[in-house]
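For reference, the structure is listed below as structure tokens.
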Amino acid sequence: MRTVLLITRREFLARVRGRAFIVSTAVILLILVGYSIFIGSIGAGGDSGTTTIAVAPETEAITPALRTAADDQGRIVRVVPVADAAAGRALVAAGDADAALSGSPTRPRVDVETSLGSAAGSVVTVATTFVAQQQLLPDPAAADAAVAAAQPVVVAARPDDPARGLRIGLGAFGAFLLFFSIQTYGAMVAQGVVEEKSSRVVEIVLATVRPWQLLLGKVLGLGAVGLLQLVILSGVGLGVAGTAGLLVAGAGLAGTLVSVLVWYLIGFALYATVYAALGSLVSRQEDTQSVLTPVSIVVLVGFAVGFNLVVSAPQSTALTVMSLIPPWTPLIMPARMALGGVPVWQVVAAFVLTLAFTAGVLALGGRVYARSVLRTGARVSWREALRGR
């Protein structure tokens, strides 16, 4: 094991001291800052669309006030009459209405799915106050008291989690960094193997160490580089979030961060081994990309499709299935877990399947690497590598 640690140390120090590590870390920080600003600008303009409000019969008197308040604020509000309060709540649950009003027009119950947005909240509050004033206009004292008590009662079917966005951000950040690490450090593993193979340095190294020790040392060393980058970026991100007052106590952020770290380690071990094995099949840097492309496409598809589903359809069956397929699990499962609501059996199943798949890849990749790394010249086929001929 001491030999493996020496190789790991060599790979780690060689990469950390290089300019590429510093530049890539700075670039990722800039990308994350730009992405955060972009998402923030979208969120700031999120109330500019149409707000649909379902109104039960007993609350019908508030309808003209809703339209007046919307016109005064320059907002678009569509009022939908419903048969009763239950029908309004059904529309909200189905996503066909943003809010459902029932009960007294001066103190209505407002049913929402997660939270009452600023657009709907402003319109409903103003309309409620206006109705209270109109009903008790002859009695100024009573009107003032009624206005003070005229506040809508918001009832959320699924109360909004103030830290949900931050947890999702951590999960998405972990997926992005794993994707980046696979494409960057995974490729470095393959390129390093090809370089040592073409220069015949590997022949000297393997005179004193075994192939599996060299392979494991490379994977651990570059994995540690990626892990260091993850810790640095996470620390900076959480520090900025704390300074801005975005961290929420007891929000489960520590658990999310641990989940990201665990899945990162498993995912990098999986792909770095594959890249090392693929690199051992060729003897020229010019041929490296051709053997890495199929795996790179698999990673890109998993990241792009999975990230899109996390944002647009977090409860979809497609996302659930993708998160249970081992090559994509480390990219998708951290974001799903950050969203919350993932059954324990799915997390356990994903973990076991990915560990089993990774163990298989390590065994197969180690075999291919050991039987191909000393073979120079023409590209070694998978069949030749596995048969050792």
Quick one: does [X]'s side chain have a donor or acceptor within less than 3.5 Å of a partner on [Y]'s backbone?
{"X": "T59", "Y": "P105", "answer": "no"}
{"X": "D98", "Y": "I53", "answer": "no"}
{"X": "S290", "Y": "D287", "answer": "yes"}
{"X": "T25", "Y": "Q229", "answer": "no"}

Any side-chain heavy-atom pair of [X] and [Y] under 4.5 Å:
{"X": "T128", "Y": "P108", "answer": "yes"}
{"X": "L222", "Y": "F268", "answer": "yes"}
{"X": "M322", "Y": "W328", "answer": "yes"}
{"X": "L214", "Y": "I7", "answer": "yes"}
{"X": "L228", "Y": "F12", "answer": "yes"}
{"X": "V77", "Y": "R67", "answer": "no"}
{"X": "T51", "Y": "R78", "answer": "no"}
{"X": "L227", "Y": "Y264", "answer": "yes"}

Same cluster or not: are [X] and [Y] linked, directly or through other Ile, Leu, Val, Met, Phe, Trp or Tyr residues, by side-chain heavy atoms under 4.5 angstrom apart?
{"X": "Y275", "Y": "F357", "answer": "yes"}
{"X": "I325", "Y": "V299", "answer": "yes"}
{"X": "I332", "Y": "I297", "answer": "yes"}
{"X": "L220", "Y": "V231", "answer": "no"}
{"X": "L300", "Y": "V274", "answer": "yes"}

If I compare all heavy atoms of [X] with all of [Y], which pair ends up nearest, and what's the gap?
{"X": "R336", "Y": "V342", "value": "O-CG2, 3.2 Å"}
{"X": "G103", "Y": "E58", "value": "N-OE2, 3.2 Å"}
{"X": "S122", "Y": "Q73", "value": "OG-OE1, 2.8 Å"}
{"X": "V189", "Y": "A276", "value": "CG1-CB, 3.4 Å"}
{"X": "A87", "Y": "V82", "value": "CB-CB, 4.0 Å"}
{"X": "T354", "Y": "P330", "value": "CG2-CG, 4.2 Å"}

Determine whether more than 12 heavy atoms belonging to other residues, nucleotides or ligands lie under 6.0 Å from atom CD of E60.
no
Tell me whether R10 at atom CZ has more than 12 heavy atoms from other residues, nucleotides or ligands lying less than 6.0 Å away.
yes
Between atom [atom1] of [X] and atom [atom2] of [Y], what is the distance when rounded to the nearest 0.5 Å?
{"X": "R15", "Y": "L13", "atom1": "CZ", "atom2": "CG", "answer": "12.0 Å"}
{"X": "M333", "Y": "T320", "atom1": "CE", "atom2": "OG1", "answer": "8.0 Å"}
{"X": "L309", "Y": "L319", "atom1": "CG", "atom2": "CG", "answer": "5.5 Å"}
{"X": "T288", "Y": "E195", "atom1": "OG1", "atom2": "CD", "answer": "10.0 Å"}
{"X": "L216", "Y": "L5", "atom1": "CG", "atom2": "CG", "answer": "9.0 Å"}
{"X": "S104", "Y": "R109", "atom1": "OG", "atom2": "CZ", "answer": "14.0 Å"}

Report yes or no: do T358 and Y271 form a side-chain donor-acceptor pair below 3.5 Å?
no
Report yes or no: do Q346 and S323 form a side-chain donor-acceptor pair below 3.5 Å?
no
So R2 and Q213, side-chain contact (heavy atoms from CB on, under 4.5 Å) or not? Walk me through it.
CA-CA 10 Å; R2 183 173 178 273; Q213 292 174 322; over 6 Å; no
Classify the angle between the aromatic ring planes of F351 and W263 as parallel (below 30°), tilted (30 to 60°) or perpendicular (above 60°).
perpendicular
After noting the C-alpha distance and the side-chain angles of I266 and L355, does the key distance pass the side-chain contact (heavy atoms from CB on, under 4.5 Å) rule?
CA-CA 7 Å; I266 296 175; L355 279 183; 4.1 Å; yes
Passing candidate, side chain to side chain contact (heavy atoms under 4.5 Å, CB included) with P152, options V110, I62, L101:
V110
L66 and V124: CA distance, side-chain angles, deciding distance, side-chain contact (heavy atoms from CB on, under 4.5 Å) verdict:
CA-CA 6 Å; L66 289 172; V124 172; 4.2 Å; yes
Candidate pair V112 and V155, rule side-chain contact (heavy atoms from CB on, under 4.5 Å), full reasoning
CA-CA 6 Å; V112 295; V155 179; over 6 Å; no
